[in-house]
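Since we're looking at a predicted model, the values are computed, not measured. Naming convention: chains lettered A, B, ... in sequence-line order (proteins, then strands); numbering from 1 in each chain.
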Amino acid sequence: MEKFSSHTGVAVPLKRSNVDTDQIIPAVYLKRVTRSGFEDGLFSAWRSDPEFVLNQPQYEGASVLVAGPDFGTGSSREHAVWALQNYGFKAVISARFADIFRGNSGKAGLVAAQVDEKVVQRIWDYLDEHPGATVTVDLESRTVSAGEGPDAIVDSFDIDDYTRWRLLEGLDDVGITLGHADVISSFESTRPSWKPVTQH
Amino acid sequence: MGKTLAEKVWDEHVVRSAEGEPDLLYIDLHLIHEVTSPQAFDGLRLAGRQVRRPDLTLATEDHNVPTIDWDKPIADPVSKTQVDTLRKNAAEFGVRLHPLGDIEQGIVHVVGPQLGLTQPGMTIVCGDSHTSTHGAFGAIAFGIGTSEVEHVLATQTLMQAKPKTMAVTVNGSLPAGVTAKDLVLTLITHTGTGGGQGYIVEYRGQAIEELSMEGRMTVCNMSIEWGAKAGMIAPDQTTFDYIEGKPEAPKGADWDAAVAHWKTLVTDPDATFDEEIVLDASTMTPFVTWGTNPGQGAPLGGVVPTPSDFEEESDRIAAEKALEYMGLEAGTPLRDVKVDTVFVGSCTNGRIEDLRLAAEIIKGHKVADGTRLLVVPGSVRVRIQAMEEGLDKIFTDAGAEWRGAGCSMCLGMNPDQLAPQERSASTSNRNFEGRQGKGGRTHLVSIPVAAATAVRGTLSSPADLEV
C-alpha cells in the first residue's frame, strides 16, 4: 500500500445522504476478478444524467469527495472503495461513514475523513462559490482545509489512531499479523475440540 | 461487574490485545462466495501465502448463479469467469466448495446454519454484509471486505476494535400475522440506517424469545441495515433443538460439552449496555418500505408520507428524492400501490418456514393478472424439502415461477432483475436505488405481505384476501 501523508485535490460536493454501496457501484459491475477497472461502474446510475456533478467539466480530475452523512451504507463490497480509487479519489469527507466502508477504506488506502456535519456544509458552500477549487486532507495533522484568508476553512477530522498510523506508513495488515503467528498458534491449541470444522 | 453476551464471546476470541491497537480476534468460521474472494486469493498467491485453516473455511456459489438452467454452463461470460475463478481457487488452496449443482449449494447464510456449522459462541465472518444472520445463534458474525477476507485466509484472525454494546429489548408478543420481518423493519424506521453504527446489538425480550430460529435469523440478518456491526440473540432451548442432529453439529460427549458451554452465553444480570432501545411488539403491524433505504418504512395500513412532514432537512430531501425515484405520490394509501413483481427469497426470507408460510397464504389463489411471482429457495436443501412437502406445486398452480437456489433478484447479479420503473414487493433486505435492476423500484415486505400482494396485485396483507 502507498503511504499517505497529505493530499490536495479538486473536491466534488456530493449533496446526498445515505449514499449506499449500490449507488457507489451497482452489483452488475462486481464481476471482475481484479482490483482495477471498476471506475466505469462508479455512481453509474447517476453518471448517466448529464447534470450529475461528476459530469461537470470543472470537476474533471477530482480526487476529494465531500459527501452527505451515512456514506457507504449497505453491502460489504470493497469494490466500492476500489471504484472510487480507480476513478482517482484519494479521500472522502463525510459526517458519518458506515462501519464496513470505513474499514475497507483503511485497508485499501482511501482516507475516510469524518468531520462534523457543519464542516461538510461549509465546504459545500465554499465549493458552490468556487467550483473546481481544491480541498486538502492532511493525515499528519488530521485536518481538512480549503480556501485562504479570514474565511479559510480548517477543521479536524476523526480517524482511528491505528488506521492513521498504517496509512501514514503504508503498512500491510497481513504482514503485521503474521508477525504474531506464534501467538495465533498457541491460541489455536486451546480451542475446544467440539468446535466445528469443515473438513474431517 | 458482569458481561454482556457480546463481551463474553468477544473475550473468548481475543488472541492478542495491546494498548492503542485493535484486538486480534480469532475466527471460528470463514464463509466464502464468488464475488468478494477472487482478489483475496490473488493476494495470497502474489505473496506466496497459504490458507491457514482450510478446515475452518467453506465456500459456495450464490450471488451470480442462475436460478434456471443451472445444469447448463452459465450464460453470462463474466459471471462464469467469477464462478470458475472460485472453483480454481478452492481447488488450489484446498477449500471445501459447494458449487452450483451440489446438494449443499445455496445462499451462504442459509447453508452455514443448515449444515450445523453455525453454532453459539462462535466468531463467523464472510465477505458479505448479511453475515449478521448467524448472530441468531449467539455468535458474533459480521461482514468484511476483500482485504479482510485475505487477512482471514492467511491468518484465521482479524484486527478489530472492540465495538460498544446495545440492547434492543422487544417486549410483548407479535400479533398474529405480524412476523420477524415486520419487527425488524419497524425497528429500522425507528432508528434510521445509521442508528446501530459502532454497536454489537443484542436482541432480547419476550417477542425475540418467542421467535423460531428462522425468525431470529431474519431479525439478525437486517442488523446491517441500521448500521450495526453485528446483531445477536442469546442461545436457548430453541437454538439447541435447531442445531441438534445437523450434519456438522457436535455429537455424543461433544454435544454435552458444547451445550454446557452454550448455556453460559447469556448477558449477566449485572452487566450494562452502552445503549438500549425498548420496543413493544404487541403494537406492531405489517410494515413495508416506501423509499430507497430500509429506514424509509411505514405500516401497510398507512400512506406514502409527505416529505415536508419530516423535521430534519436531510430527511426531507431524502424523502423527496426517494418518492421521485419510486414514482409515488405523497398521501397515496400504501394498499393502492400496484406491484409488477413479487420476489420471495434471499438470506432474509428464503428458508423453509418462509416458503411454507407463503404457500399457506397463496394456496387456492392465483397470482394477479399483470403480476409475476418469483419463488427462489435459499438453498438446494430448502428447495428439495419444499418439493417433498408439495409447496412447489402450490406455487406453480397459482401461476408462480419456481426457481433454483441463490441470491437471485435480491441484488440482480444474475439474470433475475427488474426492468427500469418495474415495481417489486420483495422479501429481501435492501430497497436501494437500482438494487434489483437499474431503475427498479423495491418495496421491502414480509412473507405474508408478499404472498397477499402477489394475489391482489397491490401491496396487501392476508387479511385483504378474506374480504
Side-chain angles (χ1 to χ4, degrees), chain A residues 15-18 20-23 26-28 30-35 44-45 68-70 73-79 81-82 96-101 103-104 107-108 117 160-162 165 172-178 180-181 183-184 186-188 191-200, chain B residues 15-16 20-22 24 26 28-29 35-36 38-39 47 54-58 64 78-79 81-82 85 96 116-117 119 127-129 143-148 150-151 154-157 159 161 193-194 197-198 227 229 248 250 254 257-258 261 293 314 318 411-413 430 432-435 438:
Chain A
K15 297 184 181 180
R16 283 175 176 261
S17 59
N18 271 301
D20 58 71
T21 48
D22 279 77
Q23 302 320 309
V28 291
L30 305 185
K31 298 181 185 182
R32 304 180 75 89
V33 294
T34 60
R35 282 181 190 250
S44 76
D70 293 314
T73 55
S75 116
S76 66
R77 60 188 74 156
E78 194 163 319
H79 314 65
V81 174
W82 301 335
R96 210 158 51 225
F97 292 96
D99 281 337
I100 303 179
F101 179 86
N104 287 342
K107 306 292 179 197
E117 206 156 348
D160 71 89
D161 293 342
Y162 189 76
W165 169 71
D172 154 37
D173 266 348
V174 178
I176 299 172
T177 300
L178 286 175
H180 305 302
V183 194
I184 299 172
S186 68
F187 180 92
E188 280 176 329
R191 294 179 75 238
S193 59
W194 46 260
K195 289 244 181 183
V197 292
T198 59
Q199 299 182 19
H200 301 274
Chain B
V15 172
R16 180 180 177 274
E21 292 180 36
L24 192 62
Y26 199 79
D28 289 321
L29 179 63
V35 180
T36 55
Q39 296 87 352
D55 61 331
L56 303 183
T57 311
L58 181 80
N64 265 302
V78 205
S79 288
T81 300
Q82 207 164 49
T85 303
R96 171 173 159 190
L117 284 169
Q119 297 174 16
D128 187 277
S129 60
I144 57 178
T146 298
S147 293
E148 291 175 312
E150 182 179 339
H151 193 278
T155 72
Q156 204 56 35
T157 64
M159 286 193 217
T193 55
Q197 239 168 60
K229 175 81 184 173
E248 305 290 354
D254 277 351
H261 179 64
N293 73 55
S314 59
L411 84 168
M413 273 191 88
R430 288 194 176 128
F432 297 155
E433 288 181 25
R435 169 81 177 180
K438 193 173 181 181

Residue selection (most heavy-atom pairs with chain B, distance under 4.5 Å) from [options]:
| options | result |
| --- | --- |
| Lys15(A), Arg35(A), Glu117(A), Arg77(A) | Arg35(A) |
| Pro196(A), Ala45(A), Pro26(A) | Pro196(A) |
| His200(A), Arg96(A), His180(A) | His180(A) |
| Glu78(A), Lys31(A), Arg16(A), Lys195(A) | Lys31(A) |
| Gly68(A), Ser17(A), Gly103(A), Ser75(A) | Ser75(A) |

Non-hydrogen side-chain atoms of [X] and [Y] separated by less than 4.5 Å:
| X | Y | result |
| --- | --- | --- |
| Thr146(B) | Trp82(A) | yes |
| Asp254(B) | Ser193(A) | yes |
| Glu148(B) | Asn104(A) | yes |
| Thr57(B) | Gln199(A) | no |

Please classify the contact of [X] with chain B as side chain, backbone, both or neither, using a heavy-atom distance under 4.5 Å.
| X | value |
| --- | --- |
| Phe97(A) | backbone |
| Thr34(A) | backbone |
| Asp173(A) | both |
| Trp165(A) | neither |
| Arg32(A) | backbone |
| Asp172(A) | side chain |
| Ile100(A) | side chain |

Can you tell me how far apart [atom1] ([X]) and [atom2] ([Y]) are? Round to the nearest 0.5 Å.
| X | Y | atom1 | atom2 | value |
| --- | --- | --- | --- | --- |
| Thr177(A) | Met159(B) | OG1 | CE | 3.0 Å |
| Leu30(A) | Leu411(B) | CG | CG | 7.5 Å |
| Phe432(B) | Thr21(A) | CZ | OG1 | 6.0 Å |

Pick from [options]: which one has the most heavy-atom pairs with chain A under 4.5 Å?
| options | result |
| --- | --- |
| Leu29(B), Val35(B), Asn64(B), Thr81(B) | Val35(B) |
| Pro54(B), Gly20(B), Ala161(B) | Pro54(B) |
| Pro38(B), Ser147(B), Pro22(B) | Ser147(B) |
| Ala258(B), Ala47(B), Gly434(B), Gly227(B) | Ala258(B) |
| His261(B), Arg435(B), Gln197(B), Arg96(B) | Gln197(B) |
| Ser314(B), Gly116(B), Ser79(B) | Ser79(B) |

With distance as the sole test, does [X] use its side chain to make a donor-acceptor pair with the main-chain N or O of [Y] at under 3.5 Å?
| X | Y | value |
| --- | --- | --- |
| Gln23(A) | Glu433(B) | yes |
| Arg430(B) | Gly74(A) | yes |
| Lys438(B) | Ser44(A) | no |
| Thr198(A) | Asp55(B) | yes |

Under a 4.5 Å heavy-atom cut-off, does chain A meet the side chain of [X], its backbone, both or neither?
| X | answer |
| --- | --- |
| Thr157(B) | side chain |
| Leu24(B) | side chain |
| Asn293(B) | side chain |
| Gln119(B) | side chain |

* Asked: Is it true that Asp99(A) and Lys229(B) make a salt bridge, defined as a side-chain N closer than 4.0 Å to a carboxylate O?
  -> no
* Full working for side-chain contact (heavy atoms from CB on, under 4.5 Å) between Gln39(B) and His79(A) -> CA-CA 10 Å; Gln39(B) 296 87 352; His79(A) 314 65; 4.2 Å; yes
* Check step by step if side-chain contact (heavy atoms from CB on, under 4.5 Å) holds for Leu56(B) and Arg191(A). => CA-CA 12 Å; Leu56(B) 303 183; Arg191(A) 294 179 75 238; 3.8 Å; yes
* Structure fact -> Scanning both residues in full, the closest heavy-atom pair of Pro250(B) with Trp194(A) reads CG-O, 4.1 Å
* **Over all atoms of both residues, closest heavy-atom pair of Ile184(A) and Tyr26(B)** => CG2-CE1, 4.0 Å
